[in-house]
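Some notes on the structure that comes next.
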Amino acid sequence: INLAIEEFLLRHIVNDAPILFFYVNAPSVIVGRNQNVFEEIDFDAVRKQGIPVLRRLSGGGTVYHDPGNINFSLITPDQDLLNNYTAFTKPVLNALREVGLTAELRNRSSIFIGNKKVSGNAQYATAGRLVSHGTLLFNSDLDRLRRTIRPRHQQVVSRAVQSVRSRVANLSDLLDRDISLGTVKDHIKQAFFGFGPTVPYRLSEEDWKVIQGIAEERYRSWSWNIGRSPKFSTTRCAQTDYGEVVLEITVSKGTIQTVRPTVNNPQLDHAVTALCGCLQGVRYDLHDIAIALHYCSEDPIPPGLSEDQLLDLIY
């Protein structure tokens, strides 16, 4: 919903004044527009914890959100400032200075305090308008952050934009006094707009209908969140009592295109051939793969493997 609100403000609330939108999400993983989710996150971890994976419209790297992380979004008519992160992050740096923290912009779009990253930022533009948005770690669950956006040990080959991994920290651990998340938000607001009056925009019933439509069409869509990952190939292998099984799987638009097997024992050939036929055209999704295997006309499980081991081999 928050990503849909941001897109709504960009596309439907057109004026010359900048719009500042703050939001806080439940635990979730947000990937950049051009990223391959299978290279970026640990799907086992997010599945077990019920953490949704969503794709935003801007580029950049993968981030973890939870109630200890504040997201800020500035929407302006300044499309000529696209890729100018200095202009956008300067007020944030000033706000952090006001609460006693010396921060700086590094790696083009990241805010660091010392050698710890506290904020990642990204942008996108359309129809002459610009969204500049960023995260700010305040008291986020950093252990969960590391577990969820740490890729599985898996050989993946693609041309997707990969995240730059950095050591991270919470502002609450760096501050020498107790400050609430709301206070930090107020300082950011003042840094962007000064101490003069601001005008709140209140979403109408019609606005909410449009927002729900955006959320349903894009941010609740598997084809957008997962399937839009760039084409990639992954090589998976498993040891059985009859030798090794190696599968080179090519995935495009989230769907298995080809499966090239390598086996070194003829006793594995029949089941592996049936397996490859069952997988072609199936979404590269654990649930969909399990269903495809269940309805396969021939037994696709190579001797020496259980069904769970076979799923681990494929996914």
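In this text the structure is predicted, and so the values were computed from the model without any measurement.
Scanning all heavy atoms of the two residues, the minimum distance from Asn139 to Ser172 falls at CB-OG, 3.6 Å. The two residues Trp224 and Arg33 have their closest heavy-atom pair at CH2-NH1, 4.0 Å. Closest heavy-atom contact between Phe72 and Thr135: CE2-O, 3.7 Å. In terms of heavy atoms, Ala4 sits closest to Ile211 at CB-O, 3.6 Å. Of all heavy-atom pairs spanning Arg129 and Asn15, the tightest one is NH1-O, 3.3 Å. For Ala215 against Ile1, the heavy-atom pair with the smallest separation is CB-CD1, 4.1 Å.
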* Assess whether side-chain contact (heavy atoms from CB on, under 4.5 Å) is satisfied between Ile41 and Thr148, documenting all intermediate values. => CA-CA 6 Å; Ile41 67 174; Thr148 53; 6.0 Å; no
* Stepwise side-chain contact (heavy atoms from CB on, under 4.5 Å) check, Asp269 with Val263 -> CA-CA 7 Å; Asp269 285 346; Val263 296; 2.9 Å; yes
* Begin with the C-alpha distance, continue with both residues' side-chain angles, and end with the deciding distance and a verdict on side-chain contact (heavy atoms from CB on, under 4.5 Å) for Val37 and Arg55. => CA-CA 9 Å; Val37 295; Arg55 186 181 302 273; 3.7 Å; yes
* Begin with the C-alpha distance, continue with both residues' side-chain angles, and end with the deciding distance and a verdict on side-chain hydrogen bond (donor to acceptor under 3.5 Å, both in side chains) for Ser132 and Gln123. => CA-CA 4 Å; Ser132 298; Gln123 295 179 328; 2.9 Å; yes
* Given Thr183 and Asp186, is the side-chain hydrogen bond (donor to acceptor under 3.5 Å, both in side chains) satisfied, shown in steps? -> CA-CA 5 Å; Thr183 298; Asp186 288 342; 5.4 Å; no
* To do: Just do the side-chain hydrogen bond (donor to acceptor under 3.5 Å, both in side chains) check on Glu298 and His270 with the steps written out, would you?
  => CA-CA 9 Å; Glu298 299 185 65; His270 181 78; 2.9 Å; yes
* To do: Would you check, one step at a time, whether the test ring pair (Phe, Tyr, Trp, His ring centres under 6.0 Å) holds for Tyr284 with Phe38?
  => CA-CA 10 Å; Tyr284 195 59; Phe38 301 99; 5.1 Å; yes
* Asked: side-chain hydrogen bond (donor to acceptor under 3.5 Å, both in side chains) between Glu6 and Ser73: does it pass, once the steps are laid out?
  -> CA-CA 8 Å; Glu6 183 182 69; Ser73 178; 2.7 Å; yes
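If you take CD1 on Ile30 and CG on Leu3, they are separated by 5.5 Å, rounding to the nearest 0.5 Å. Considering OG of Ser28 and CG of Asp66, their distance stands at 8.0 Å, rounded to 0.5 Å. Rounded to the nearest 0.5 angstrom, Ile5 CD1 and Asp207 CG are separated by 10.0 Å. Between the CD1 atom in Ile314 and the OG1 atom in Thr234 there is a gap of 11.5 Å [rounded to 0.5 Å]. The CD1 atom of Ile75 sits 9.5 Å away from atom CG of Leu130, with the distance rounded to the nearest 0.5 Å. If you take CG on Leu74 and OG1 on Thr89, they are separated by 11.5 Å, rounding to the nearest 0.5 Å.
Checked by atom type and distance alone, the side chain of Asp42 pairs as donor or acceptor with a backbone atom of Ala45 at under 3.5 Å. With Glu216 contributing its side chain and Gln212 its backbone, the two residues share no donor-acceptor pair below 3.5 Å. For the pair Thr273 (side chain) and Ala271 (backbone), a donor-acceptor distance under 3.5 Å is absent. Judged by distance alone, with hydrogens and angles left aside, the side-chain atoms of Gln35 form a donor-acceptor pair with the main-chain N or O of Gly32 at under 3.5 Å. Side chain of Arg144 to main chain of Arg147: no donor-acceptor pair is present (N/O by atom type, distance under 3.5 Å, no hydrogens or angles). The backbone N or O of Asn34 sits nowhere less than 3.5 Å from a side-chain atom of Arg228 that would complete a donor-acceptor pair. A side-chain donor-acceptor contact under 3.5 Å links Gln309 to the backbone of Ser306. Here the side chain of Arg236 pairs a donor or acceptor atom with the backbone of Asp312 at under 3.5 angstrom. Between the side chain of Thr240 and the backbone N or O of Leu305 there is no donor-acceptor pair closer than 3.5 Å.
With no hydrogens or angles considered, no side-chain donor-acceptor pair links Glu248 and Ser233 at under 3.5 Å. The closest side-chain donor-acceptor pair between Thr258 and Thr250 falls under 3.5 angstrom. Side-chain contact of Asp141 with Tyr64: a donor-acceptor pair under 3.5 Å is absent, judged by distance alone. Looking at Asn71 and His65, their side chains do bring a donor and an acceptor atom within 3.5 Å of each other. Between Asn69 and Ser140, the side chains place no donor N or O within less than 3.5 Å of an acceptor N or O (distance only, hydrogens not considered). A side-chain donor from one of Asn2 and Asn25 sits under 3.5 Å from a side-chain acceptor of the other. No side-chain N or O of Asn107 forms a donor-acceptor pair with one of Ser110 less than 3.5 Å apart.
The hydrophobic cluster containing Val31 also contains Phe232, counting ILVMFWY residues as joined when their side-chain heavy atoms lie under 4.5 angstrom apart, directly or transitively. A continuous path of hydrophobic side-chain contacts links Leu203 to Val131 [ILVMFWY only; heavy atoms under 4.5 Å]. The same ILVMFWY cluster, assembled from side-chain heavy atoms under 4.5 Å apart, contains both Val282 and Val259. Under the 4.5 Å side-chain contact rule for hydrophobic residues, Leu9 and Leu54 share a cluster. Both Leu142 and Val46 are part of a single hydrophobic cluster, where members link through side-chain heavy atoms under 4.5 Å apart.
Salt bridge status for Arg218 with Glu7: present, with a side-chain N to carboxylate O gap under 4.0 Å.
Each of Leu275, Asp299, Ile301 was evaluated against Leu293; a single residue qualifies, Leu275, per the side chain to side chain contact (heavy atoms under 4.5 Å, CB included) test.
Looking at Val99 and Leu175, their side chains come closer than 4.5 Å, going by heavy atoms from C-beta outward. Contact check for Phe112 versus Val118: no side-chain heavy atoms found under the 4.5 Å cut-off. Leu10 is listed as a side-chain neighbour of Tyr124, based on a closest heavy-atom distance under 4.5 Å. The closest side-chain heavy-atom distance from Ser180 to Phe138 is not below 4.5 Å. Side-chain contact between Ile13 and Ile19 is present, with at least one heavy-atom pair separated by less than 4.5 Å. Looking at Phe88 and Thr76, their side chains never come closer than 4.5 Å, going by heavy atoms from C-beta outward. For the pair Ile226/Asp285, no side-chain contact is recorded, criterion being any heavy-atom separation below 4.5 Å from C-beta on. The closest side-chain heavy-atom distance from Asn115 to Arg167 is below 4.5 Å.
Atom OH of Tyr242 has 12 or fewer neighbouring heavy atoms from other residues, nucleotides or ligands inside a 6.0 Å radius. Surrounding CG of Asp178 are at most 12 heavy atoms belonging to other residues, nucleotides or ligands under 6.0 Å away. More than 12 heavy atoms of other shown residues, nucleotides or ligands fall within 6.0 angstrom of atom CZ in Arg106. Shown here is Glu217, whose CD atom has no more than 12 heavy atoms of other residues, nucleotides or ligands within 6.0 Å.
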